[in-house]
Amino acid sequence: MTADPWGAVLDEAEKLRKEAEAAAGVAHFPVPLETPPEGWGDLAFATFPYAKQLRKGPDQVAKDLVALMPKGMLIATSEAVGGYVNMRLDTVAFSRLVLDSGLAAGGSYGSLPPKKVRVLLEHTSVNPTGPIHIGRARNPIIGDALARIMRMAGYEVSTEYLVNDVGRQMVLLYWGVKNIDPKDVPPPEKEKEDFRLVKYYQKANELLEGNEELERKIGEMILRFESGDIALTREIRSVAERVLRGILESLDRIDVHIDSFYWESDLIMSGSARQVVNRLRDKFLDEGGALFLDLAPYGIKGENTRWFLTRKDGTTLYPTRDIAYHLTKFDRCDIAINVLGEDQKLGQQQLKVGLQLIGAPGVPETLFYSFVALPEGRMSTRSGRVVSLDDLADELVERAAEEVRKRRPELPPERVKEIADIVGLGALRYNIVRLQPEKKIVFKWEEALNFEGNSAPFLQYAHARTCGILSKAGGRGTPDPSALTHPSELRLVKTLGQFPHLISVAAESRRPHFLASYAYEAASHFNIFYRDCQVLQAEEPLRSTRLALVEISRTVLGNALHCIGLRAPAEM
RNA sequence: GGACCCGUGGCCUAGACAGGAUAUGGCACCGGCUUUCUAAGCCGGCGAUCCCGGGUUCGAAUCCCGGCGGGUCCGCCA
């Protein structure tokens, strides 16, 4: 038994290949193991790379290697086909391994052993000036999924939100809240602090247009604030807190919970930003009091490669505070990961240079995502051209409720609401987490509201089906792996056996969308099994064996859904 | 001017980092499947110059070079 059946298969395949290579007197080639097309076996590798060295045709090499390849515990046979070695699993041995592993692990199947590696994962960190919109919502959705996946892979993960309560945008918001008459701002779209306060921010931006006196006033406040005026900092921070509360409510609704918050203003008040300046001062150039470094020698290119640490008045700039912030991270973790919009790429490069110059113990890993735009262009809080996370969530839940009512007219309204929440909010997350982060998304309502095919409800429905069978099943006997012979059940066994391996791959590569693809495949294979293989009416020992497969399917689908941030309903 | 990312059927998308067998799915469209564990399902059909042009290679969606198109960035903002 093992925590990772597919990993065991891969290890054995490598071992058998090496043994065949050694027997043939061939140097090892790291030809990747691949999955051959359906019907050609379970694992394969190409022999073209060997052909040249051996001065033989690839097909002959494949035949030679096959002839010399021993039989394994899990891999029963291999055959040479047109320059490939195709290996086939011993289906009974592999089914036994998957059943044993899955049943022994129970609900924790897929969880890998603890690694004793602390990960500090910074995500979201949106400016608290207004409601979070779907352009930025990609950040918590990807970040939280990565946190969940890495936890399942055995890492000690803590998530953190850097609250940018410093800077012009915050001062402007504060000024607006303090000075604009409530009668002069339009009513908020929702009764939430973030929606209420953003109106003052937008109005303040509007008033600032061409208003030099206000411009000057704001400038003064920024200076006071950033020079460490504690009273002002507290006031601004309290406004930021009010907006943040609204943002966190939105995040809570989609099951994103952040472990800790770091307030940027603390870096000023504690003097840690100042210390960064002192430690870097002699490496930087001074221009009228402003410290800067030319980053051109560090491989950074562009119109202007000068990177400023301080203003000429001596106040620190954001990158300086970010260095200070990251220094605190390495006291608290072994791996720091930042999930950021692609607009932060240069900034992160600069940050890494800064951290190296100051002798930091490490640099953060970065996971960048492209923005979600509307068909009419980029979203902007300042202009109000946004679709808020809350709007999208409301719409999806409402649509999901219609669907549930249509399909399950007998359900009481409370139950409809519960399922609609699970489905609608799941759709929100799935539509983002399933895509490669680096691809930009143009948000379209008709696509977001689709509940069929490759969609959240598809995955959740498969899970609900497993629960439906299990709730009707009663007990079961001991499973017998040799009872499993139908191609659809063998395919399901293989997919279920790959789950722990997928957790590992998605965690190590920091690619949450791998797990979304896997979850879809697992759901799809379960649905095919469901069509082809009757469970409850089957004869023993097939019934008990299939029932065990359904149990493991429920765990795999439930855990896979959990990892990408979707809830797994028992009925829909 | 420069840097980074993206470009796959009408639309969306996997595969690209580790080059390999007839390029993965979904939406839409057409046609089928429910006396049997929930049809948000399943099966079949239609549909692709993998942006373009060179190069490397036995072999390129994948690697390299050059274009084109889109996104992002190059502030004593954050």
Side-chain angles (χ1 to χ4, degrees), chain A residues 30-32 34 36-37 40 44-49 51-52 57-58 81-84 86 127 164 166-170 222 264 287-292 295 299-315 317-319 321-322 341-347 349 368 370-371 373 378 400 403-404 406-408 423 431 434-442 444 446-447 450-462 464-473 509 513-514 517 520-521 523-524 527-528 530-538 546-547 550 571-572:
Chain A
V31 187
E34 50 191 303
W40 296 59
F45 63 94
T47 54
F48 300 91
K52 202 175 253 176
V81 182
Y84 286 84
N86 293 336
N127 287 345
N164 297 107
V166 177
R168 182 190 168 83
Q169 82 287 346
M170 282 314 305
I222 292 173
E264 190 182 341
E287 185 178 75
L291 294 176
F292 75 95
L295 292 181
I300 287 169
K301 293 170 185 168
E303 275 175 3
N304 177 10
T305 55
R306 296 199 306 171
W307 184 49
F308 281 85
L309 209 56
T310 64
R311 298 187 180 85
K312 65 170 176 287
D313 61 24
T315 55
L317 290 158
Y318 175 76
R321 301 191 289 269
D322 208 21
E342 61 175 336
D343 55 338
Q344 302 297 317
K345 281 185 181 177
L346 177 60
Q349 259 184 293
F368 295 107
S370 298
F371 291 112
R378 190 172 169 170
E403 294 294 321
V404 179
K406 197 159 71 193
R407 292 160 210 271
R408 304 289 303 280
V423 169
N431 279 318
R434 72 189 175 87
L435 302 174
Q436 292 181 26
E438 55 270 26
K439 300 221 184 185
K440 66 173 179 188
I441 298 176
V442 176
K444 299 191 189 82
E446 62 273 26
E447 283 171 16
N450 172 40
F451 285 164
E452 268 153 24
N454 190 352
S455 66
F458 178 94
L459 312 186
Q460 293 169 318
Y461 187 65
R465 279 178 153 177
T466 64
C467 295
I469 294 173
L470 293 171
S471 70
K472 291 193 173 109
S509 59
H513 82 274
F514 284 180
S517 298
Y520 175 74
E521 193 177 289
S524 174
N527 280 333
I528 293 166
Y530 180 90
R531 173 202 59 190
D532 290 337
C533 303
Q534 262 293 324
V535 177
L536 299 178
Q537 311 302 323
R546 284 182 172 168
L547 213 42
V550 177
E571 64 167 342
M572 282 174 65

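These figures come from a predicted structure and were not determined experimentally. Chain naming here is simple, since letters A, B, ... match the order of the sequence lines and numbering starts at 1 in each.
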Please report the distance, rounded to the nearest Å, between [atom1] in [X] and [atom2] in [N].
X        : N     : atom1 : atom2 : result
A:Lys472 : B:U36 : NZ    : C1'   : 11 Å
A:Asn450 : B:U13 : CG    : C1'   : 13 Å
A:Lys439 : B:C5  : NZ    : C1'   : 11 Å
A:Leu295 : B:G2  : CG    : C1'   : 15 Å

Looking across every strand, which nucleic acid part, if any, lies under 4.0 Å from [X] by heavy atom: base, sugar-phosphate, or nothing?
X        : result
A:Asn86  : base
A:Val550 : nothing
A:Gln436 : sugar-phosphate

Polar pairs (N or O, both sides) under 3.5 Å between protein and nucleotides 41-43 of chain B?
unit_1	atom_1	unit_2	atom_2	d
B:G41	OP1	A:Gly453	N	3.2
B:G41	O3'	A:Asn527	ND2	3.3
B:G41	O2'	A:Arg465	NH1	2.9
B:C42	O3'	A:Arg531	NH1	3.1
B:C42	O2'	A:Arg531	NE	3.3
B:C42	O2'	A:Arg531	NH1	2.3

Tabulate atom names and distances for all N/O pairs under 3.5 angstrom spanning the protein and nucleotides 56-61 of chain B.
unit_1	atom_1	unit_2	atom_2	d
B:C58	OP1	A:Lys52	NZ	3.0

Could you check if the base of B:U34 is syn or anti? Syn means the glycosidic torsion is within 90 degrees of 0. syn

Let me spell it out: for each of A:Pro37 and A:Ala464, pick the nucleotide of RNA chain B with the closest heavy atom. Which residue's pick is nearer the 5' end? A:Pro37

With A:Arg378 as the cation and A:Phe371 as the aromatic partner, state whether NZ or CZ is under 6.0 Å from the six-membered ring centre and within 45° of the axis. yes

What is the per-nucleotide protein-contact pattern of nucleotides 70-78 of chain B, from the 5' end, where B denotes a base atom under 4.0 Å from a protein heavy atom, S denotes such proximity for sugar-phosphate atoms only, and - denotes neither? SBSSBSBSB

